[in-house]
Each structure stands twice: as C-alpha cells, then as structure tokens.
Amino acid sequence: MRHLQSFILGSALSFALAAPALAAQCGNNAGGFGQWKASFAGEAKAAGVGQRGLTALANASYATGTIKADRNQKSFKYSLPKFMQIRGADTIVAQGRKRKARNAGFYQSLEQRYGVPAGVVLAIHGMETGFGGFMGKSAVVSAITTLAYDCRRSAFFVPHAIGALKLVDQGAITPATKGAKHGELGHTQFLPGNALKYGVDADGNGRVDFYNQTDALASTANFLRKKGWKPGQGYQEGQPNFKVIKQWNAATVYQQAIAIMGAKIDG
C-alpha cells in the first residue's frame, strides 16, 4: 500500500510539473489586483511581452472609473432616434461632409486602397471622439488591465491587455497614454489588441500612431476590410457590409447609427 501511495504521489507531482500554469485569478474589487498582476506577468511574458510591457503592467493601477463606466453603459439601451440625438448625429453628418470635401484626396485614397467609403470612416471618427476632439483621459494600460482582471468579461479583455503591453514594447503607446474608460485609444478608439493587429503606418514615418489622424483612419479602414468589407457593396441593414460594422461595435443602435450617418455623409 505504501508503494502504491508513493507511486500516486510521484505521478501527481509529475503531472503538476508538466501541467501549464493556471490563468491569473480574476476579481471584483481592487483587493486582488496586485496579486493578479504578478500572476498575469507570467502569462504576458509567455505571450511575448517584453520588459517595457512587463514594467508597465507592474505599474498599472486599478481603474475604479473604468469599472464604474463598465457597469453603467446606459446609452446603448436607448432607441435609435434617442441614441442619435444624444450622440449628436446631425452635427457629425454636417462636420463629416465638410471634412470629406476639405480633404477629398485622402478619403478617396482610403476607399481605393481598402474599399471602405469615406462616410463610414468619418461616421466612426465623429461618433468615437468628435473627430479627435476628445480621445479620453483614462490611462490605457491601467484601464485595460483592470478589465482583464475584472471577472465580468475577463476572457474578452485579456487579449487586449496583452495587446496594450506589446504596444508599449513597440513604443506605439506609453504607460501614460490616455484613452477611453475601456482602454480604447486614439482618434477612432481602437481596443489595444485590434490596434496591434490592424494598425497601419499610413504616413510612412516608421511607426503606427493612433493619435495621428492619418494612421488612425487608415487603420480603421484596414480593420473593416480585414473583417470582410466588400468594396462596392452596401452597408445598410440587410446589406453585405452591415455585418462588418458589427465587428467594430456590438451595440445594435451604434451599428445602425454608423450606417445611417455614413450614407448621409456620402450623400
């Protein structure tokens, strides 16, 4: 019996040593955030995050404002007319038309390269940040790592937290970079994992900068194209490209608003 116990104990130990490390334990308040960061650092390093990214993770703070915002997303529950009123759809359309006319060559080049009409890109730009007027004041790394730690949608945000740390490694953002409450960054509020994957250096200066309008808008068009945008096809509800707008934001009223505003801008 003793030999059997020794065999079982030895086998269990061997299995434990061979098994992969468990995922960092999520939490619902600030209490476990420090312990989570220490554990998550191992996952991040295994995913290819370098020293600058790991240092940014270690210095991240629990973002109370982010959690509050995550629990209180009321605007997406409004009817479409109310949502468009609150978001200032008429102003976005008017400004979008002016911007398109003022820089027609740029928007035409985006459509030629990615197949995405100017109206869609401008509607997203206007909806997300008022055409760059307000890009957020929350620390991106702290916000996105807080959401990765938070149990409510941890699995969704973990890849974006890894993305943010890799963006720090690359110099695309710093630990001090500011964005929206959910860690979205730049002119069109890319989630960091998407920024890492779909970012385009459109101005050719050797780096992708989401706070540079040229890079941000080209990256947005690139995202939509890579998600299945079909050049020349419609993007209203029921048309082929409407489902691609869904890839940008999961809220139905948001999708509908972008489609409507985009068509009005393109006029």
Side-chain angles (χ1 to χ4, degrees), residues 23 40-41 43-54 56-57 60 66 109-111 113-116 120-121 124-125 127-129 132 135-136 138-149 153-175 177-231 235 241 243-251 254-255 258:
F40 188 65
E43 293 181 45
K45 189 172 183 180
V49 174
Q51 190 54 53
R52 284 202 292 182
L54 293 173
L57 171 63
T66 288
S109 71
L110 287 185
E111 184 163 5
R113 181 166 184 179
Y114 302 105
V116 181
V120 175
V121 176
I124 290 173
H125 193 195
M127 177 82 85
E128 294 289 356
T129 64
M135 292 185 267
S138 299
V140 168
V141 172
S142 290
I144 204 71
T145 52
T146 296
L147 289 166
Y149 159 69
R153 289 190 289 167
S154 181
F156 176 80
F157 284 107
V158 161
H160 293 296
I162 296 291
L165 301 179
K166 288 184 176 182
L167 288 173
V168 172
D169 281 333
Q170 293 177 2
I173 63 172
T174 74
T177 295
K178 297 294 192 294
K181 292 290 189 184
H182 284 74
E184 305 99 324
L185 53 97
H187 277 270
T188 56
Q189 304 285 267
F190 266 90
L191 280 166
N194 292 336
L196 182 70
K197 187 172 183 179
Y198 300 105
V200 174
D201 174 23
D203 65 3
N205 70 350
R207 62 187 291 264
V208 181
D209 180 3
F210 295 92
Y211 296 84
N212 170 284
Q213 183 171 297
T214 301
D215 285 3
L217 298 188
S219 299
T220 303
N222 183 50
F223 172 94
L224 294 170
R225 181 61 185 269
K226 293 289 179 60
K227 289 294 187 179
W229 192 275
K230 293 179 172 58
Y235 55 84
N241 287 321
K243 65 182 180 182
V244 184
I245 297 175
K246 293 182 178 182
Q247 298 294 317
W248 185 266
N249 189 294
Y254 183 102
Q255 299 154 12
I258 291 300

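This structure is a prediction, so every number in the text was calculated from the model and none was measured.
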So, for [X] and [Y], which heavy atoms are closest and what is the spacing to 0.1 Å?
{"X": "Ala221", "Y": "Tyr114", "value": "CB-CD1, 3.6 Å"}
{"X": "Pro175", "Y": "Val141", "value": "CA-CG2, 4.3 Å"}
{"X": "Ala56", "Y": "Val168", "value": "CB-CG1, 4.1 Å"}
{"X": "Pro192", "Y": "Leu167", "value": "O-CD1, 3.7 Å"}
{"X": "Asn241", "Y": "Gly228", "value": "OD1-O, 4.1 Å"}
{"X": "Lys181", "Y": "Ser138", "value": "CD-OG, 3.4 Å"}

Can you say whether the rings of Phe223 and Trp248 are parallel (under 30°), tilted (30 to 60°) or perpendicular (over 60°)?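 Perpendicular: the ring planes of Phe223 and Trp248 meet at over 60°.
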Going from [atom1] on [X] to [atom2] on [Y], what distance comes out if it is rounded to the nearest 0.5 angstrom?
{"X": "Thr174", "Y": "Arg52", "atom1": "OG1", "atom2": "CZ", "result": "10.0 Å"}
{"X": "Gln170", "Y": "Arg207", "atom1": "CD", "atom2": "CZ", "result": "10.5 Å"}
{"X": "His160", "Y": "Arg153", "atom1": "NE2", "atom2": "CZ", "result": "9.5 Å"}
{"X": "Leu224", "Y": "Ser219", "atom1": "CG", "atom2": "OG", "result": "11.0 Å"}
{"X": "Asp215", "Y": "Asn205", "atom1": "CG", "atom2": "CG", "result": "6.0 Å"}

Please examine the side chains of [Y] and [X], heavy atoms only from C-beta on, and report whether any two atoms are closer than 4.5 Å.
{"X": "Leu54", "Y": "Leu165", "value": "no"}
{"X": "Arg225", "Y": "Val244", "value": "no"}
{"X": "Ile144", "Y": "Leu191", "value": "yes"}
{"X": "Asp201", "Y": "Asp203", "value": "yes"}
{"X": "Val158", "Y": "Phe40", "value": "yes"}
{"X": "Tyr198", "Y": "Val200", "value": "no"}
{"X": "His125", "Y": "Gln213", "value": "yes"}
{"X": "Met135", "Y": "Phe210", "value": "no"}

For side-chain contact (heavy atoms from CB on, under 4.5 Å), just list the numbers for Leu185 and Tyr211, CA-CA rounded to whole Å, side-chain angles, deciding distance to a tenth of an Å, and then say yes or no. CA-CA 8 Å; Leu185 53 97; Tyr211 296 84; 3.3 Å; yes
Is it true that a side-chain atom of [X] and a backbone atom of [Y] form a donor plus acceptor pair closer than 3.5 Å?
{"X": "Thr129", "Y": "His187", "answer": "yes"}
{"X": "Ser154", "Y": "Ala148", "answer": "yes"}
{"X": "Glu184", "Y": "Gly179", "answer": "no"}
{"X": "Trp229", "Y": "Gly115", "answer": "yes"}
{"X": "Lys166", "Y": "Ala47", "answer": "yes"}

Check Val116, Leu217, Thr220 against Ile124 for a side-chain contact (heavy atoms from CB on, under 4.5 Å) and give me the one that passes.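 With Ile124 as partner, Val116, Leu217, Thr220 yield a single side-chain contact (heavy atoms from CB on, under 4.5 Å), made by Thr220.
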Within a reach of under 6.0 Å around NZ of Lys197, are more than 12 heavy atoms found that belong to other residues, nucleotides or ligands?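 No, NZ of Lys197 has 12 or fewer neighbouring heavy atoms, counting only those of other groups under 6.0 Å.
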Checking Glu128 against Tyr254: is there a side-chain donor and acceptor pair closer than 3.5 Å?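 Yes - a donor-acceptor pair under 3.5 Å links their side chains.
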Stepwise side-chain contact (heavy atoms from CB on, under 4.5 Å) check, Val49 with Asp169: CA-CA 7 Å; Val49 174; Asp169 281 333; 3.7 Å; yes
